[in-house]
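What follows is one structure encoded as structure tokens, with my remarks underneath.
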Amino acid sequence: MRLEFTSTNGQSPSVNLREALLAGQAPDRGLYFLKHFPRLNPEAIAEFPALPYHEIAFRVLSQYTDGIVEPATLAAMCRDAYDFVVPLEKVYDRVHIMRLDQGPTASFKDFAARMMARLMGRFLQEENRQLTIVTATSGDTGAAVAHAFHNIPGFQVVVLFPQDEISQSQRKLMTVLKGNVRTVAIDGKFDDCQAMVKKAFADPTLKHLPLSSANSINIGRLLPQSVYYFYAASRLAKPGEDMVFSVPSGNFGDMMGAMVAKQMGLPVRKIIVPVNDNDAFPRFLATGVYEKVVPSRNSVSNAMNVGHPSNLARLVSLYDGQMDETGKIKRLPNLEAMRRDLFSSSISDDRTRETIRDVWTKYELLLEAHGAVAWAGFQDCLAVEPLNGLPTAILETANPAKFPEEIERTIGFSPDVPPAMEAMNKLPEDYDRMGADYEIFREYLLGRH
Ligand SMILES: *Cc1c(COP(=O)(O)O)cnc(C)c1O
């Protein structure tokens with residue numbers, strides 16, 4: 001079967017996985033997504049409990065790569081990309097924390113970035129092409145992308161970060177890389193970095209450069225994020241039993257991984273999508289009226305400071321609605337069905353910190369702010385729907401060691417640093433510096449080609 005990726009805006013021709021991955025965004029500015037998902041039958045899913053993570057990844061992702069990537073090649077990519085553990089820690093009864101923070105940059109973004117880099121690298125090699133990934137980061141994305149594409153033939157990587165807005169450990173995760181990765185500290189804010197990157201993509205005088213963004217709207221970032229939901233169910237649920245997931249959400253890419261798993265046949269009762277003060281989605285779910293949060297609100301769970309989640313267009317399309325790239329609803333989705341499958345609440349910073357403290361005191365379980373939002377959202381859901389003791393995975397999306405100052409302020413000690421991060425902390429940093437000036441950045445890109 002040939003899988004067709006169509007644009008959520010409905011105005012671009014459909015493409016295959018390779019084309020969708022290399023293009024990122026559709027020409028009509030919509031997001032590539034599937035109308036019909038490949039399905040895994042219950043017998044296929046029943047085999048997962050006996051399989052390691054990378055083999056489950058292969059069985060899920062091979063549903064999308066038929067005729068595009070050789071099975072043996074994909075299997076090798078999965079082994080190579082997923083060579084770290086995915087701990088599921090029991091907290092009480094059937095409630096578990098799934099730690100997605102054991103990759104090289106200690107956030108869940110490693111799962112997607114590592115697979116995407118391997119797939120894109122393969123496609124480039126086949127076409128004998130070169131690509132420069134240019135990305136702006138407020139922290140986690142840049143590090144995950146830089147590590148994922150580090151030393152993959154065919155790629156140059158340029159990461160822009162705001163000099164004074166990221167933590168020292170976040171910075172070191174990018175600036176110690178050599179080879180094909182260059183990091184640039186911008187004397188400005190994250191918004192300046194993002195504006196410079198956007199300008200470069202739209203600049204006709206750079207049209208001859210092979211630039212790509214690898215940003216969060218790429219379908220190649222989304223599909224690999226469905227795998228850990230299958231994995232959690234394989235370890236926590238009985239065959240055919242419904243799962244509950246709580247996913248701390250910003251751009252809604254992570255939660256869309258759960259939606260994809262559900263579409264593919266994984267039994268899921270509820271997907272809980274807590275947000276921080278950026279509460280556009282819970283308000284929409286309650287009222288049917290969508291209003292972006294402009295400008296986005298700052299909060300302690302800073303990787304989720306998103307006023308208009310870009311993946312909402314995909315979520316809305318799954319429920320027979322249509323939302324354009326500006327957040328305008330063209331056709332209302334089936335809200336009743338959405339409310340049946342999803343629960344969402346907004347968690348304030350005070351509550352986030354209180355949750356970190358409570359969970360530590362009660363269970364000796366250390367969460368950082370993003371995981372704490374997921375925990376609090378799960379409690380909110382329980383208050384209105386008992387969920388009958390179903391197996392539950394609450395996602396911890398970053399390692400507490402990435403935010404030592406915040407953790408120290410909240411519970412009075414700093415978290416242990418994982419060995420991989422410790423080793424990197426010792427390497428010498430090397431990065432360029434630049435004012436927030438597009439002309440200088442333009443010359444910089446030209447000089448590197
Ligand atoms: C990016 C990020 C999120 C939010 O994920 P989305 O896919 O944007 O919803 C949550 N936690 C951490 C630590 C992140 O880096």
Side-chain angles (χ1 to χ4, degrees), residues 31 97-114 116 135-148 161 166-167 169-170 173-174 190 194 214-229 245-261 271-282 293 296 299-315 342 344 346-347 352 356 366-377 394-403 406-407 415 418 421:
L31 306 186
I97 293 288
M98 176 156 62
R99 292 204 183 266
L100 302 174
D101 61 351
Q102 302 293 306
T105 71
S107 90
F108 87 98
K109 293 196 169 72
D110 284 325
F111 284 83
R114 284 168 72 78
M116 180 158 153
T135 194
T137 187
S138 57
D140 292 336
T141 302
V145 167
H147 271 262
F161 67 88
I166 72 172
S167 75
S169 39
Q170 282 178 316
L173 284 169
M174 305 184 274
F190 170 64
Q194 200 161 32
N215 63 14
S216 63
I217 58 174
N218 196 303
I219 189 75
R221 294 257 312 255
L222 213 122
L223 298 177
Q225 288 172 184
S226 66
V227 173
Y228 40 78
Y229 297 99
F245 296 108
S246 184
V247 189
S249 293
N251 260 322
F252 281 49
D254 198 359
M255 73 77 69
M256 281 309 292
M259 294 302 303
V260 168
I271 300 172
I272 301 162
V273 278
V275 296
N276 55 28
D277 284 329
N278 294 280
D279 59 354
F281 182 68
V293 176
S296 60
S299 78
V300 285
S301 49
N302 62 7
M304 313 198 310
N305 292 342
V306 180
H308 168 46
S310 50
N311 275 293
L312 273 193
R314 286 185 173 122
L315 181 64
L342 305 169
S344 185
S346 163
I347 312 296
T352 302
I356 294 176
L366 184 59
L367 298 176
E368 53 70 65
H370 304 84
V373 167
W375 182 280
I394 297 170
L395 276 57
E396 173 54 290
T397 46
N399 194 288
K402 277 189 131 171
F403 310 96
E406 180 62 34
I407 301 282
M421 266 178 83

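Computed over heavy atoms, backbone and side chain alike; hydrogens, waters and symmetry mates excluded. Residue numbers start at 1 and run along the sequence shown. Just so you know, ligand 1 is whichever comes first in the structure, and atom 1 is the first atom listed for that ligand.
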**Report entry** Atoms of ligand 1, numbered as shown, that sit under 4.0 Å from any heavy atom of Gly253
**Finding:** 6 (P), 7 (O), 9 (O)
Query raised in the report: So is there a nitrogen or oxygen of Gln225 less than 3.5 Å from a nitrogen or oxygen in ligand 1?
Result: no
**Report entry** Nearest non-hydrogen protein atom, atom 4 (C) of ligand 1
**Finding:** Gly250 N, 3.7 Å
Requested in this report: Write out the residue and atom name of the closest protein heavy atom to atom 8 (O) of ligand 1, then the distance separating them to 0.1 Å.
Outcome: Asn251 N, 2.8 Å
Report summary line: Under 4.0 Å from one or more heavy atoms of Ala398, ligand 1 contributes atoms 13 (C)
Report task. Run the numbers for me: atoms of ligand 1, each under 4.0 Å from some heavy atom of Met304, listed by number. Result -> 10 (C)
Requested in this report: Could you walk me through whether Asp140 and Lys402 pass side-chain contact (heavy atoms from CB on, under 4.5 Å), step by step?
Outcome: CA-CA 9 Å; Asp140 292 336; Lys402 277 189 131 171; 2.6 Å; yes
Requested in this report: Report the C-alpha separation of Met259 and Ile271 in whole Å, then their side-chain angles, then the decisive distance to 0.1 Å, and conclude whether the side-chain contact (heavy atoms from CB on, under 4.5 Å) test is met.
Outcome: CA-CA 8 Å; Met259 294 302 303; Ile271 300 172; 3.5 Å; yes
Query raised in the report: Sequence neighbours excluded, which residues qualify as ring-ring contact (aromatic ring centres under 6.0 Å, His included) partners of Phe245?
Result: Tyr229
**Report entry** Trace of the side-chain contact (heavy atoms from CB on, under 4.5 Å) decision for Ile347 with Trp375
**Finding:** CA-CA 10 Å; Ile347 312 296; Trp375 182 280; over 6 Å; no
Report task. Would you give the length of the straight line joining atom CE of Met421 to atom OG1 of Thr105, rounded to the nearest 0.5 angstrom? Result -> 9.0 Å
Query raised in the report: Will you find, in the side chains of Ser299 and Asn276, an N or O donor that is under 3.5 Å from an N or O acceptor?
Result: yes
Query raised in the report: Can you tell me which residue and heavy atom of the protein come closest to atom 1 (C) of ligand 1, and the distance to 0.1 Å?
Result: Lys109 NZ, 1.4 Å
Query raised in the report: Looking at atom 5 (O) of ligand 1, what's its closest protein heavy atom, distance included?
Result: Phe108 CZ, 3.4 Å
Report task. Check Asp254 against ligand 1 and report side chain, backbone, both or neither, counting heavy atoms closer than 4.0 Å. Result -> both
**Report entry** Ligand-residue contact atoms, ligand 1 with Ser249, heavy atoms, under 4.0 Å
**Finding:** 9 (O)
Query raised in the report: Is there a side-chain hydrogen bond (donor to acceptor under 3.5 Å, both in side chains) between Asn311 and Arg314 once you walk through the steps?
Result: CA-CA 5 Å; Asn311 275 293; Arg314 286 185 173 122; 2.7 Å; yes
Report summary line: Ranked by distance from atom 11 (N) of ligand 1, the top protein heavy atom is Thr397 OG1, 2.7 Å
Report task. Answer with yes or no whether the side chains of Asn305 and Ser296 bring together a donor and an acceptor at under 3.5 Å. Result -> no
